[in-house]
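For clarity, every value in this text was computed on a predicted model and none was experimentally measured.
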Amino acid sequence: MESGEPDGGPEQSRGATKRAAGEREEEEEEEEEEESSSDGRGRREALWTPARGRFKPGLGSQLDMESQRTSILHRVVSFAPDPLPARQYDMKTSEPISFYLSNLEELLAWKTTSDDTFNVATVPLAQRQPPLDSRRPRTLVCHDMKGGYLEDRFIQGTEVADPYVFYHWRYIDIFVYFSHHAVTIPPVVWTNAAHCNGVLMLGTFITEWTEGGKMCESFLAGEAEAYQAVAKQLAEMARFFCFDGWLVNIENSLSVTAARNLPHFLRYLTDQVHRLVPGGQVIWYDSILRTGELRWQNELNENNKVYFDVCDGFFTNYNWKEEHLLRTRELADDRRVDVYVGVDVFGRGDVVSGGFDTNKSLRMIREQGLSIAIFAPGWVYEHLGSEDFLNNEDKFWALLSELLPVHSVGSLPFCTSFNLGMGKRHFVKGQVPAPPRVFLLLIYKQASQAVSFVPQFTTRRQLSSACPPNPRPPSPAGPARHNPSPLLTPPPHIAQFLKGCGQHRKHGWQSRCYELELQNCFLDELSITLSRRQPGQDELSFACRLGKIWVLDAAGSLSPTALASLALPIDVAHVHWHQASAGWLSLNLTLRWIYPSSKATCFRVHYRSGACASGPEPPLVLIGEAHAPLYRVTELKVPEAQESSSCRLEFLVEPVPKNGLQVDPDMWGKLAFVYSAPKLPSTNNSDSL
């Protein structure tokens, strides 16, 4: 996702790739050396001394040795299944998955359960500039990728090297996750990614053909209570899973009674979404006439305006011509930006353009001041294949870019590691009124030390006063540019995290820290200029890799009081054991914990391998990241406990604060998971007759 640019958001969801437990690849070690060496990796392991962290025979004595910050759980190994709900888990792997509902009965019966927590988005909708209601023409993307719920349904990631990803968030305002299931709940990885970038995420409520007609008649052709119950469930679902509303797509004919009730249903749904979801939206797709006849109009007109009048937006069908746009603009009047003119990138039907010529359609729409709905941009991946996907994707959006106004993230702290949510490795470690002092951390790698590396902030004046003087003063109403000063001695409260600024590290990675003092300014942009030039010669080619950008308010966001300890206990649910091989078991379980949602952007889950006897302390291993206060551990290989002894695992949950600081390991949550072999039945002969 387009997360690495100043007008993008922090990162895409991590739903596209999965890091195997214990995997240590060279590039991971490079990044970890640069970002984690300063936090004392050796020191972290030293905190868990053999006296505190190792299992020795005798469970009672072991419990006495535990820290007060440790949850302790003892389980006897049992191969009897702990049933998992099929809706929330993959039955082959027990991985948590995102899901849809197939019919009205499932929708009306839906109630929240603890297992649904995996699917609750944890990233709040980021502030953005300009806001969605600025009345400039908008851009909606309607995702239609091979029926949906592919690799993206695996909440904790999946081992797929080249999945479809979307990273051009700065160009769009609304993202619709579309499928042909009755109730399409957006996979949580998409919602989190959209919210990081200030983009609304909508699900889809769709009925189609004969079965869809029956479904509509069952809740639209009766009393108001029936369609109100459906609307309440849809609105509550958006509230609970923390997405932003619905695209309503009725593609089947309706009886006269059902057609008469349809606008009432749509208005009631819109009102409920507005009540439960701040900034929520309900958008209607151009399909049904006010008479109930199924006939796509390719425009807003008097036959379908009744639906536009009772919701937030109107999504037209794709087979329009210029005269359709003119009539739509005239009828929509001052709500023209609430009309999203559909453009099918596959170019199906009698359309103006598709594929790499999609910009021709967009240009005609923009000339009329209307918004755009880009349908199935996954054409780039589906039609052209995955081999050169990233280059083709960049080409597609570059051709549209001049017609798609961008928006930027509007609050600090801002942090990005340029994560697209795909790949084979896991690397550890906007308009905003500018704070008086900001810090900037850059991690990068360059092929030559002769490269000039110059970061620059762009600010605008407030109306009441001007920013401080700078070397290149702007025009009276224009932007001001500021070159931040190197930060050689970080303040004490962040010195450990920023330790090593300006130093060269292993494999050529290095970090630089800067500070900038401002007053009465709006912070607009961050740019980095790179060049390599020798005296009297033209600029030379070079390569430079930018690994991370971190911008934060030097005052409030770095206060140690902003950090919190993980609340205990850590609970365990759905424990599954399997015999992996001789002497080894495979363990699946769900960890749950409590932490203030406003304090963390994610959680790193670590474990220390099973120990069944005394000896050297095993290393601490990162097994994954969680974006909600729970994590499903799957296929963890542990030693088999013998009949006369117990074994021990340690799980540690590390909160990752929104300001990017590292939480001291003493504030992590810790679970000591002790397991033993089942006792065999007695075979004493005296018990027999």
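- Between I443 and S511, the shortest heavy-atom distance links the atoms CG1-CB, 4.1 Å.
- Here the side chain of Y631 pairs a donor or acceptor atom with the backbone of I623 at under 3.5 angstrom.
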What's the verdict on side chain to side chain contact (heavy atoms under 4.5 Å, CB included) for W593 and V605, showing C-alpha distance, side-chain angles and the deciding distance? CA-CA 11 Å; W593 57 89; V605 181; 4.2 Å; yes
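- The main-chain N or O of L234 is found under 3.5 Å from a side-chain atom of W246 such that the two form a donor-acceptor pair.
- At a threshold of 4.0 Å, the pair D334-R135 does not count as salt-bridged, since none of the basic side-chain nitrogens sits closer than that to a carboxylate oxygen.
- Between P405 and L403, the closest heavy-atom pair is CD-O, 3.5 Å.
- Two residues are said to be in side-chain contact when any heavy atoms from C-beta on lie closer than 4.5 Å; F118 and Q156 meet this criterion.
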Checking side chain to side chain contact (heavy atoms under 4.5 Å, CB included) for the pair H143/Y164: CA distance, chi angles, key distance, verdict? CA-CA 11 Å; H143 174 74; Y164 173 79; 3.8 Å; yes
Candidate pair C513 and F439, rule side chain to side chain contact (heavy atoms under 4.5 Å, CB included), full reasoning: CA-CA 7 Å; C513 303; F439 292 140; over 6 Å; no
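- In this structure, the separation between CE on M201 and NE2 on H195 is 7.0 Å, given to the nearest 0.5 Å.
- Put simply, the side chain of W668 gets close to the backbone of V663: a donor and an acceptor are under 3.5 Å apart.
- Here R170 contributes atom CZ and S401 contributes atom OG; the two are 8.0 Å apart, rounded to the nearest 0.5 Å.
- How far CG of L442 is from CZ of R512: 8.5 Å, rounded to the nearest 0.5 Å.
- Looking at I283, T184, I174 one by one, the single match for side-chain contact (heavy atoms from CB on, under 4.5 Å) with L247 turns out to be I283.
- Remark: side-chain polar atoms of E151 are not paired, donor with acceptor, to backbone N or O of V160 under 3.5 angstrom.
- What you find for L125 and V199 is that their closest heavy atoms are CD1-O, 3.4 Å.
- Here the closest non-hydrogen pair linking P187 and S98 is CA-OG, 3.3 Å.
- Within a 6.0 Å sphere centred on OH of Y381, heavy atoms belonging to other residues, nucleotides or ligands number more than 12.
- With hydrogens and angles disregarded, a donor-acceptor distance shorter than 3.5 Å links the side chain of H407 to the backbone of I172.
- Shown are N119, D116, I155; of these, the side-chain contact (heavy atoms from CB on, under 4.5 Å) with P96 is made only by I155.
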Under the ring pair (Phe, Tyr, Trp, His ring centres under 6.0 Å) criterion, do F175 and W169 qualify, and how do the steps go? CA-CA 9 Å; F175 190 100; W169 295 102; 5.5 Å; yes
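- For the atom pair CG (L630) and CD1 (I594), the distance works out to 12.0 Å, reported to the nearest 0.5 Å.
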With side chain to side chain contact (heavy atoms under 4.5 Å, CB included) as the test, would you mind laying out the steps for H606 and E654 before giving the verdict? CA-CA 8 Å; H606 310 260; E654 173 193 5; 2.9 Å; yes
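- Within the 4.5 Å cutoff, no side-chain heavy atoms of L202 are placed close to those of F243.
- No close placement of the Y340 and F315 rings is indicated, their centers lying 6.0 Å or farther apart.
- Annotation: side chain of T601 is not in contact with side chain of V123 (no heavy-atom distance under 4.5 Å).
- You'll find the side chain of F389 reaches within 4.5 Å of the side chain of V380, heavy atoms only.
- Scanning both residues, V165 and E393, for their nearest heavy atoms gives O-OE2, 4.2 Å.
- Looking only at side-chain heavy atoms (C-beta outward), F178 and C142 come within less than 4.5 Å of each other.
- Note that CD of E402 is 4.5 Å distant from CZ of R363, once rounded to the nearest 0.5 Å.
- Not a single donor-acceptor pair under 3.5 Å links the side chain of D173 to the backbone N or O of L140.
- The backbone N or O of T122 sits less than 3.5 Å from a side-chain atom of N192, completing a donor-acceptor pair.
- Annotation: side chain of S527 is in contact with side chain of Q456 (closest heavy-atom distance under 4.5 Å).
- T139 places no side-chain N or O within 3.5 Å of a backbone atom of I372 that could act as its donor or acceptor partner.
- Closest approach of L269 to A235, counting heavy atoms only: CD1-N, 4.3 Å.
- Once rounded to the nearest 0.5 Å, the distance linking CG of L400 with CG of L362 reads 5.5 Å.
- Under the 4.5 Å side-chain criterion, counting only non-hydrogen atoms from C-beta, R366 is in contact with L404.
- Without hydrogens or angle criteria, D312 side chain to V282 main chain gives a donor-acceptor distance under 3.5 Å.
- No side-chain donor-acceptor contact under 3.5 Å links R604 to the backbone of L622.
- Side-chain contact check for Y177 versus D152: some heavy-atom pair is nearer than 4.5 Å.
- Ring planes of F396 and W379: tilted class, angle from 30 to 60°.
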